[in-house]
> 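There's a structure below that I have some questions on.
Within every chain, numbering begins at 1; the chains are lettered A, B, ... in the order of the sequence lines, protein sequences first and strands thereafter.
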Number of protein chains: 2
Amino acid sequence: MPLDAAQTKRDRLEKKEAAIVDAATDVYLEKGFEKTTMAEIARRADVADGTLYTYFKNKNALMMAVVAAHWARITDEANKSISSSDNFFDAVEAHARYHITMLLKDWRLIDLSYVLYYMQRMPEIEATAYKREYSSVFDRVYNRALDRGEIRSDVPLRHARDLFYGTLEYAARTQVQGRSKQEVESIVKNLVAVIREGFAPSKPSTTREAIVDRLEAAVARLESVSSRKPTSGR
Amino acid sequence: MPLDAAQTKRDRLEKKEAAIVDAATDVYLEKGFEKTTMAEIARRADVADGTLYTYFKNKNALMMAVVAAHWARITDEANKSISSSDNFFDAVEAHARYHITMLLKDWRLIDLSYVLYYMQRMPEIEATAYKREYSSVFDRVYNRALDRGEIRSDVPLRHARDLFYGTLEYAARTQVQGRSKQEVESIVKNLVAVIREGFAPSKPSTTREAIVDRLEAAVARLESVSSRKPTSGR
DNA sequence: CTTGAAAAATGAATGTAATTCATATAGTAT
DNA sequence: ATACTATATGAATTACATTCATTTTTCAAG
């Protein structure tokens with residue numbers, strides 16, 4: 001088989017697969033999970049019922065593809081959301097703003113991930129992989145800040161990550177479920193403020209004793225630094 | 001109808017209803033949502049298939065009852081979890097510890113609430129009411145601390161609540177989904193530390209603190225001059 | 001330009017599980 | 001005991017997901 005013919009064929013199949021995923025997304029957003037039927041998806045994608053099964057193992061796999069397409073989109077956007085900030089707190093604020101705005105806009109698709117995950121075990125599809133990829137955005141920002149000494153170093157990454165995404169997702173869910181109006185800015189500012197206080201390099205205590213301790217420690221660090229450099233002997 | 005006869009009759013029906021809910025809980029915990037069938041529940045509860053529908057409108061309503069029974073249990077326990085602490089941070093720590101321990105133990109039932117909620121709209125059942133009742137535990141602790149001036153007063157309750165429950169639920173979910181071992185204490189201590197820093201009444205800065213800041217800055221400059229610590233990549 | 005084997009697509013048939021409903025049974029008041 | 005009502009029953013119905021025997025399309029080789 002010539003290479004460009006194969007290319008064309010694969011293109012054609014991928015286009016059809018994408019059309020099916022798009023149709024499934026539309027139906028799901030209109031009707032919700034329970035009322036989405038394979039027959040309706042097939043009708044919208046303009047294929048026969050059976051055709052769906054040549055592209056996806058079953059309904060769950062198809063819905064998982066819907067979810068995967070969405071995570072790919074937002075992971076891409078999330079990476080852009082931090083690109084303009086160079087200090088930790090600005091990057092956190094930008095990413096928080098992007099994240100909660102997205103959650104409020106696309107919550108039905110995000111929640112679909114959870115529904116699929118909890119409805120049945122699907123280890124072969126690894127439903128949480130998309131999320132892990134997405135949350136690596138925060139990980140990079142955090143690790144860079146650690147390297148630069150912008151934040152205290154005794155809080156493990158995973159705790160910071162849980163705080164960040166957990167707070168935003170809970171806030172978004174509260175807002176979507178209740179009928180409270182959206183208040184993105186208030187939520188973002190509050191989270192950033194807490195992180196600013198809780199993750200700042202630890203402020204030394206102001207007792208005289210503590211000052212002396214701090215000075216001793218600083219001197220010790222200086223000594224150990226210069227002793228590692230034989231050229232600048234002491 | 002005599003009153004005690006009515007009482008007996010209602011008792012009988014309530015016992016049967018509880019038996020059905022218990023059977024449903026068992027089957028669900030064994031098989032997961034998709035593989036739980038009404039026929040199996042009926043068999044376990046020792047009633048006919050149709051009988052289930054004289055107690056519950058449909059499968060979702062029955063599963064919702066399973067969820068409701070669980071929320072009632074844990075709301076009761078949660079209230080006990082804070083009763084022995086009298087200051088804010090102790091109460092927060094006690095409740096945090098109870099909450100995440102419960103989440104790790106009963107996550108399948110907690111998640112079932114979400115699955116049901118997101119699978120279809122059920123405004124008549126008000127799936128989130130249980131959760132609202134539960135989270136009022138935190139609200140009471142927080143409002144009491146506000147009254148007593150134990151914490152700063154410019155953080156709205158809902159933001160504090162989102163931070164508290166959001167962080168713990170995200171942490172629990174991460175742990176359940178991954179195969180990382182449980183680390184309740186680390187998570188609790190970290191959350192309490194962040195809340196302690198972020199919610200403490202703001203202290204006015206003192207002269208001594210300014211001195212320390214200046215010394216810190218001077219030492220940092222010295223250190224950066226005597227050795228260019230390369231930022232370790234990652 | 002044919003051709004036939006492999007890949008895709010089809011939709012009627014099948015299987016599974018939720019839900020309904022006509023009928024039977026049990027409980028209660030008179 | 002009798003009639004009346006509330007409960008319980010499980011066979012029949014319904015709604016979908018999924019399968020599979022056929023048909024249609026694609027494409028490399030002659």
Side-chain angles (χ1 to χ4, degrees), chain A residues 1-21 23-24 27-28 30-66 112 115-116 119-120 122 124-125, chain B residues 1-21 23-24 27-28 30-66 112 115-116 119-120 122 124-125:
Chain A
M1 193 191 315
L3 198 121
D4 58 340
Q7 205 58 43
T8 319
K9 182 183 169 191
R10 189 189 305 173
D11 274 3
R12 196 160 33 79
L13 291 178
E14 275 173 5
K15 274 217 178 77
K16 198 159 200 170
E17 181 172 318
I20 290 172
V21 171
V27 176
Y28 168 71
E30 269 175 43
K31 310 251 177 158
F33 187 77
E34 287 216 316
K35 288 184 187 160
T36 296
T37 66
M38 294 299 267
E40 170 85 1
I41 293 170
R43 201 174 60 68
R44 298 271 191 114
D46 205 30
V47 296
D49 295 13
T51 307
L52 298 180
Y53 292 85
T54 66
Y55 286 85
F56 300 96
K57 186 169 161 288
N58 55 32
K59 186 180 177 183
N60 281 323
L62 171 51
M63 298 316 267
M64 191 56 79
V66 168
L112 179 56
V115 170
L116 289 170
M119 221 158 57
Q120 62 161 201
M122 282 190 292
E124 74 282 8
I125 294 188
Chain B
M1 191 192 314
L3 199 120
D4 58 340
Q7 206 57 43
T8 319
K9 181 184 170 189
R10 190 189 303 174
D11 273 3
R12 197 160 32 78
L13 291 178
E14 275 173 5
K15 275 221 178 74
K16 199 161 201 170
E17 179 171 319
I20 290 172
V21 170
V27 177
Y28 169 72
E30 269 175 42
K31 310 252 176 155
F33 186 77
E34 286 216 317
K35 288 182 186 160
T36 295
T37 67
M38 294 299 268
E40 171 86 2
I41 293 170
R43 200 175 59 69
R44 298 269 191 115
D46 205 31
V47 297
D49 295 13
T51 307
L52 299 180
Y53 292 86
T54 67
Y55 287 84
F56 300 96
K57 184 168 161 289
N58 53 34
K59 186 180 177 183
N60 280 323
L62 171 52
M63 297 317 267
M64 191 57 77
V66 168
L112 179 58
V115 170
L116 289 170
M119 221 157 58
Q120 62 162 201
M122 282 190 293
E124 75 282 7
I125 294 187

> Nearest whole angstrom, please: distance from the C1' of dA17(C) to the CG of Leu52(B).
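In whole Å, dA17(C) C1' and Leu52(B) CG are 13 Å from each other.
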> Quick one: pull up CG in Leu13(B) and OG1 in Thr54(B) and give me the separation to the nearest 0.5 Å.
8.5 Å
> With sequence neighbours left out, what residues match Ala39(B) under side chain to side chain contact (heavy atoms under 4.5 Å, CB included)?
Thr37(B), Asp49(B)
> Determine the contact category for Tyr55(A): base if any of its heavy atoms lies under 4.0 Å from a base atom, sugar-phosphate if only primed atoms, P, OP1 or OP2 are that close, otherwise nothing.
sugar-phosphate
> Looking at Thr54(B), I'd like to know whether one of its side-chain N or O atoms comes within less than 4.0 Å of OP1 or OP2 on dT7(D).
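For dT7(D), OP1/OP2 do not have a side-chain N/O of Thr54(B) under 4.0 Å.
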> Could you run down the sub-3.5 Å N/O contacts of the protein with nucleotides 15-18 of chain D?
| unit_1 | atom_1 | unit_2 | atom_2 | d |
| --- | --- | --- | --- | --- |
| dA17(D) | OP1 | Thr36(A) | O | 3.4 |
| dA17(D) | OP1 | Lys59(A) | NZ | 3.0 |
| dA17(D) | OP2 | Met38(A) | N | 2.8 |
| dT18(D) | OP2 | Tyr53(A) | OH | 3.1 |
| dT18(D) | OP2 | Lys59(A) | N | 2.8 |

> Any side-chain heavy atom of Phe56(A) within less than 4.5 Å of one from Met64(A)?
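They are not in contact (no side-chain heavy atoms under 4.5 Å apart), so the answer is no.
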> Under 4.0 Å, heavy atoms only, any strand: does Lys35(B) hit a base, just the sugar-phosphate, or nothing?
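Answer is nothing: Lys35(B) stays at 4.0 Å or more from every strand.
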> How many whole angstroms separate atom CZ of Arg43(A) from atom P of dT10(C)?
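Checked: the CZ to P distance equals 15 Å.
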> Can you check whether Leu62(A) reaches Tyr55(A) side chain to side chain, under 4.5 Å on heavy atoms?
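Result no, sub-4.5 Å side-chain heavy-atom pair not found.
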> Considering all heavy atoms of both residues, which atom of Leu116(B) and which atom of Asn60(B) are nearest to each other, and what is their separation?
CD2-OD1, 3.3 Å
> Which heavy atom of Ala45(A) sits nearest to which heavy atom of Ala19(A), and what is that distance?
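For Ala45(A) versus Ala19(A), the nearest heavy atoms are CB-O, 4.2 Å.
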> Testing the basics here: between Leu52(A) and Val47(A), what is the closest heavy-atom pair and its distance to 0.1 Å?
CD2-CG2, 4.0 Å
> To the nearest Å, give me how far apart CG (Leu13(B)) and C1' (dT5(D)) are.
13 Å
> Sequence neighbours left out, what passes side chain to side chain contact (heavy atoms under 4.5 Å, CB included) with Tyr28(A)? Give chain and number order.
Phe33(A), Thr36(A), Met63(A), Arg108(A), Leu109(A), Leu112(A)
> dG10(D), dA8(D), dG11(C): which one has an atom nearest the side-chain heavy atoms of Thr51(B)?
dA8(D)
> Does Arg12(A) have a side-chain nitrogen or oxygen under 4.0 Å from the phosphate oxygens OP1 or OP2 of dC27(D)?
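Yes, within the criterion.
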> Applying side-chain hydrogen bond (donor to acceptor under 3.5 Å, both in side chains), name anything that partners Glu17(A), two or more places apart in sequence or on another chain.
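For Glu17(A) there are no side-chain hydrogen bond (donor to acceptor under 3.5 Å, both in side chains) partners, ignoring immediate neighbours.
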> Can you tell me the distance, in whole Å, between the CD1 atom of Ile20(B) and the P atom of dT7(D)?
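Interatomic distance, CD1 of Ile20(B) to P of dT7(D): 12 Å.
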> Nearest whole Å is fine: how far is dA8(D) C1' from Phe56(B) CZ?
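One finds 15 Å between C1' of dA8(D) and CZ of Phe56(B), rounded.
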> What does the inter-axis angle of the helix from dC1(C)-dG30(D) to dT30(C)-dA1(D) come out as, five pairs per end, nearest 10 degrees?
0°
> Taking atom P of dA8(C) as reference, at what distance in whole Å does atom NZ of Lys15(A) sit?
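Spelled out: NZ on Lys15(A) to P on dA8(C) is 16 Å.
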